[in-house]
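Inspection log for the structure reproduced underneath, given as structure tokens.
In what follows, chains are A, B, ... by sequence order, proteins preceding strands, each numbered from 1.
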Amino acid sequence: MDTPEGFEQHREWEKQLFAGGWSVPAWPEKYGGRDCSLVEWLLYEEEYWASGAPGRVSANGISLLAPTIFSFATAEQQERFLRPMAAGEEIWSQAWSEPNAGSDLAALSTKAQRQGEWFVLNGQKTWCSRGAFADWFFALVRTDPEAERHRGLSYLLIPRDTQGLEVREVARIDGQPGFAELFFEDALVHESNLLGEEGQGWAVAMATTGSERGLNLRAPGRFMAGADRLVALAASEGQTSPPGVAGLPVAQAAPDSGSAARGAASETLDSLREDVVRCWVESRAYRWLCYETAERLASGESLGSEASFMKIFWSELDVELHATALRLLGETGELAGPKAQAGGAWMDGYLFALSGPIYAGTNEIQRNIVAERVLGLPRR
Amino acid sequence: MDTPEGFEQHREWEKQLFAGGWSVPAWPEKYGGRDCSLVEWLLYEEEYWASGAPGRVSANGISLLAPTIFSFATAEQQERFLRPMAAGEEIWSQAWSEPNAGSDLAALSTKAQRQGEWFVLNGQKTWCSRGAFADWFFALVRTDPEAERHRGLSYLLIPRDTQGLEVREVARIDGQPGFAELFFEDALVHESNLLGEEGQGWAVAMATTGSERGLNLRAPGRFMAGADRLVALAASEGQTSPPGVAGLPVAQAAPDSGSAARGAASETLDSLREDVVRCWVESRAYRWLCYETAERLASGESLGSEASFMKIFWSELDVELHATALRLLGETGELAGPKAQAGGAWMDGYLFALSGPIYAGTNEIQRNIVAERVLGLPRR
Amino acid sequence: MKFSFGSDQLALAETLAEVLAKRCPPELVRAVWQSESGYSEELWEALGELGVLAVAVPEAYGGLGMNQVDLVKLLEESGRAAAPVPLLEHAGVGVPALAETTATELAEHWLPLAAAGEVIVTAAVPGSEHQGDGNTVVSLVSYAAQADLAILSCQGELFAVEQQNYQVQELESVDGSRRLGWVEWSPQDAFGLPGASSESVFERGVLAAAAQSIGVADHLLETTVAYVKEREQFGKPVGSYQAVKHHLADVAKAMGFARPSVYAAAWAVSQDTEKLTQQEQQKFVSAAKSLASDAADLAARKCLQCHGAIGYTYESDLHLWLKRAWSLSASWGDAHWHRRRLAGLLGI
Amino acid sequence: MKFSFGSDQLALAETLAEVLAKRCPPELVRAVWQSESGYSEELWEALGELGVLAVAVPEAYGGLGMNQVDLVKLLEESGRAAAPVPLLEHAGVGVPALAETTATELAEHWLPLAAAGEVIVTAAVPGSEHQGDGNTVVSLVSYAAQADLAILSCQGELFAVEQQNYQVQELESVDGSRRLGWVEWSPQDAFGLPGASSESVFERGVLAAAAQSIGVADHLLETTVAYVKEREQFGKPVGSYQAVKHHLADVAKAMGFARPSVYAAAWAVSQDTEKLTQQEQQKFVSAAKSLASDAADLAARKCLQCHGAIGYTYESDLHLWLKRAWSLSASWGDAHWHRRRLAGLLGI
């Protein structure tokens, strides 16, 4: 996913999925879906990830933007955007954060001034996930410069080839391109790309935030498959590997003497077994919570702020899961790239997982939300 | 310690210690000490606790009040109070907290109005440790009702038999008396019992707070001995015990079937071995930190706010240490009283340890102090 | 598998919650902890009248013929109220074992009485027994002195032992609701329980402890949230401080994830082993108990801390629930024990 | 035992810190990570001139004849600067092994060169090797391609192998400072190292990794404290939020407790085994490494979190230290491994 070539392979995969009707099974048929229920979608996700299929480069679009489009877009916009998004023909990136507005989203300052049918954009966006490869950005911009904080914001859909928009790639922690910074200098975006009403961007955006933190972004199938792979790794550890192949738990074979004998070799593994089990248990706990939630949603209830503790849970589980795998790998855990165990997938996964507790509202913000909105503690 | 009879035994023990010159070895000889250095005192504490000797009922006096007396008291006061304190003849209790001033000590409101040579006290103190058995209380009271917060406080030494003072025993979480609530109704305390200057109580008190959080309250010897007992418990577990005697790790023998066999019996213990080791390691880490600190203090440096992270560390270690022991005991871990393992010492110790993260400034307050005063983060 | 409860199940649980709210205030819990009798006879009677004790009793014996899924919310409610009665032992473990046995005479005699609450049936963790003097067996049993019948195991076999046939040496638990004792008995003076399995007894006991734990933890969280909204320091409620918020958010999260897993485990153990193998059921049960125990331990730790000194006194009711949380989290295998069992079940 | 350093020790460490502050900025670290050479030759030369590479070399061979206590603060400083040079391998492990051997010809030849920084000596974790094809042995070695001599073990025996006698298959580590490779070699083409023990090599390597870890963690904490004082959200510095404060207080606490234990371990391994048995020394070392690794892991996790998205980019320097923390915490036995060794040493 992380190189231009890798990205093209991913796009190809999205096209194949879409052709088979498996890109967006929960969507209406007219947009390439199968109208399946939330529970069916959860099951689909379990199968998808268990099969070892790759991550979805279209995730920002189909998980974050699409729910907003279904709720707020005009019929024309739905017609225009949904199918190409589902088909992987148009890849979307979220352009919300600004250098001075990360957790504090209401502080954002990129201006979009109305001039007839057009908005004139000036300002800067940063940390746009997958922005390096995206065709479109969905952004929150300030259309009323007089209004403060949450007021006066609008939700815009912005093509990458917009004149006056410069896209600068920013490498992620693994050194691979992924993020983008956007610089707007009198960039023109047409009013047909306004999502929801002008000035209502905050309300529109919060609907997306709900899906980002809740079920749509991270189905349990992903973590169940990860935990299963972790269990398999733990079960295979202790078997020596041929030279040149990673997987030898080097430190576990370090010399021991006298009564230290009990602390060596296979018993080292024992101390990690419980961590492995904990990850497996939590992946299943997330599963049961999601099924229960899906049934509640199906009976007309809404998700609300509980989405925040889901986000804390899966993001921290994802870090633990990969950290445990790296510990199991011992001294070879630090290896990266194709010569590492599983082609470097564990290290890649670890680096990817580290973003979880940060993005889509840091887990500190999420804990505030749980305390204030779920438990009802006073804001200040 | 927790019954009137137990308390008298403790007082007797204090007298014996004092007679042998072992009550307060770090104090000057004239007050019953041995003038030993801080490092020697640390070694003494290690020996004391390793021997299995009991907790010190005079701790509030000799560890919390005495440093303040050495720094702020008049020669007469030193002469009057130190020897009886060291001899266990006069037991001291800290009377700082009030119902509405716990963590927020500067909010305290018990009034002490000057009338000639006397202070007239009105108000209420609560959660006075060992107050149920104490002969004297050291209190922080408001002598200037006009002054706000830290200002206008004074530090008073108050005999239990003061007229107008009612002492109500409050049972601790284990159901045993220990705490006391104090109700002052026009209670008269003579000015000779003022410690430091009138109105300077906050500065005087903060000196005591320093010792409470730092070296004087909890020498590492206590936790080293606890960790050693925990290691011995872990080493002895798995041996079955005769009926009627606690120590049988009942749940560890629960039925297992098929491939679950690996999870049973002695391997259960394995999963706790690392927790035992962690406690042992931390007790030693605290030791090295204390020795290093003692040497720094000996060379003229002062302790400062680092005392706060010491308090977090030992109080949380103490809880973990006892919680781990109870887990090792399995289904009999919940037993209390003389029929329990070690005569109930592990459960008693656990209940006692739980107060650690709360008293002397909650660990939340301590973490604020570390962040603001050690790391220099902004207060607000 | 459904991921929600039926209306019958919810109605019974709701009724129980109302009865407990009215008839089982903290004052009752406190009084029973210090009582000679060891449990609340009035409350026991009320539960009998309500049908709560008849849930797992087959209809043929005057019961409701329901299963673990029906029981789980009732146990949760009893945990929330810290109800000082042997509900876990009786309805959660003892009665289902009697309902399972093919020794019909035994069932015929005991189950109608058990359904009505006229007797107490208790049970011990199978496999926890050890050899006593001579031919006797010694088991650690809760409510042994209060029970009329105890379901005990010896070398993998289950037995029903009447009170007059066992000797109790009472023990003191930190949790006043746990009337523990060493029970000395002999298989010769006991009825065999053909058809009932010690494995099932164990799974049901674990599940029941998990269900009660989440009720206990829920109560701890609720009372602590209420307290930190009221209690002020430095001029504002302590619940407005981020440290307190995050402590309680962590508890809420742990609870939110443990609960559905406990319900899923109740579903699992009510399945036929041909539909869901015993090993699969065990995975559900151990996952649930490890999550519920950890959640209860976390709730106890954080809620005490957020209460501060007041929570450390015997006068405050908090300690009643703290101690319930500790003993339930440790009994029927603690979180460690169940993760170790899972390691075996997962083949690692 | 003294609990503080002598003035010579502090002076050398201070000088090193100054040199590194000047000559080893993050730009150098970044450049070397991406370089072909794999380490900074200029910095290596500077360390040679400073005497840092001569610390553990006996005076007879042109060194300072000092020991692990003298090295520990130097390693800590090199960690703080993420210095891209093989200091751990060379000065922490390789040189002390050569200084210990009774094979004087070998020592005579290599130690003066090593003291001056004219050669690089590396070393592998003893016991980590496995059987290669035929009579060869395969060891995981850092800086193998850069080193002139490698101290390797085979079945408990130590050997010194010159570069022309081993084959390196280079590997990619997440940490650009770790130039790892599988080294294939044969004891037949190697010099024996009588008098030097693989146990000592292991203890010294563990200690050196622990010492570097705390330097790395210190830097992480310092830069993060500086960042959260500056960075504002919701109208005030993020460092004023209690959640951020407590994250960093926890890191400070972990660091404050790990450091004295690392120094104590340095003292321990410099003791004669007649004064302090090998097993006692191992306890010190494993305690130190488990604390230092945990502190480094915690620092990495919390400091990334407190930085937020900016810390997740390659442009920020933070990741250089994060990755150093990860690899050092995992190498020479991670915290789990050392606690398991301690369990054995404590007889549990």
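When the shell of 6.0 Å around CD of Glu280(D) is examined, it contains more than 12 heavy atoms from other residues, nucleotides or ligands. Gln34(D) CD: more than 12 foreign heavy atoms inside a 6.0 Å radius. The environment of Glu315(D) atom CD is dense: over 12 non-hydrogen atoms of other residues, nucleotides or ligands sit within 6.0 angstrom.
The closest side-chain donor-acceptor pair between Glu334(A) and Ser173(D) falls under 3.5 angstrom.
In this structure, the side chain of Tyr312(D) engages the main chain of Leu351(A) through a donor-acceptor pair within 3.5 Å. Counting only distance, with no hydrogens or angles, the side chain of Glu172(D) and the backbone of Leu335(A) share no donor-acceptor pair below 3.5 Å. Proximity of a side-chain donor or acceptor of Gln233(D) to a complementary backbone N or O of Asp104(A) within less than 3.5 Å is detected.
The distance from the CG atom of Asp334(D) to the CG atom of Leu329(A) is 11.0 Å, given to the nearest 0.5 Å. Atom CG of Asn368(A) and atom OH of Tyr241(D) lie 9.0 Å apart (nearest 0.5 Å).
For Leu304(D), the parts sitting under 4.5 Å from any heavy atom of chain A are the backbone and the side chain alike. Using a 4.5 Å cut-off between heavy atoms, Arg149(A) contacts chain D through its side chain alone, with no backbone atom that close. Looking at Ala106(A), neither its backbone nor its side chain comes within 4.5 Å of chain D, counting heavy atoms on both sides. Residue Ile310(D) touches chain A through both its backbone and its side chain, counting heavy-atom pairs closer than 4.5 Å. Neither the backbone nor the side chain of His307(D) has a heavy atom closer than 4.5 Å to any heavy atom of chain A. Contact annotation for Asn100(A): both backbone and side-chain heavy atoms come within less than 4.5 Å of a heavy atom of chain D.
With chain A as the partner, the residue from Gly235(D), Ser327(D), Ala335(D), Ala243(D) showing the most heavy-atom pairs under 4.5 Å is Ser327(D). Your options are Gly333(A), Gly175(A), Gly337(A), Pro338(A), and the one with the most heavy-atom pairs under 4.5 Å with chain D is Gly175(A).
No side-chain heavy atom of Leu171(D) sits less than 4.5 Å from a side-chain heavy atom of Thr332(A). Counting heavy atoms from C-beta outward, Phe179(A) and Thr313(D) have side chains that approach closer than 4.5 Å. For the pair Val319(A) and Arg301(D), the minimum side-chain heavy-atom distance is below 4.5 Å.
The two residues Ala309(D) and Trp127(A) make their nearest non-hydrogen contact at CB-CD2, 3.3 Å. The nearest pair of heavy atoms linking Ser103(A) to Phe234(D) is O-CZ, 3.5 Å. The minimum heavy-atom distance between Lys323(D) and Ile173(A), with the atom names listed, is NZ-O, 2.6 Å. Counting all heavy atoms, side chain and backbone alike, Gln305(D) lies closest to Ile358(A) at OE1-CG1, 3.6 Å. Taking both residues in full, the closest heavy atoms of Ala330(D) and Glu331(A) are given as O-OE2, 3.9 Å, listed atom of the first, atom of the second, then distance.
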Check the pair His336(D) / Asp275(A) against side chain to side chain contact (heavy atoms under 4.5 Å, CB included), numbers first and verdict last. CA-CA 11 Å; His336(D) 287 276; Asp275(A) 292 340; 3.6 Å; yes
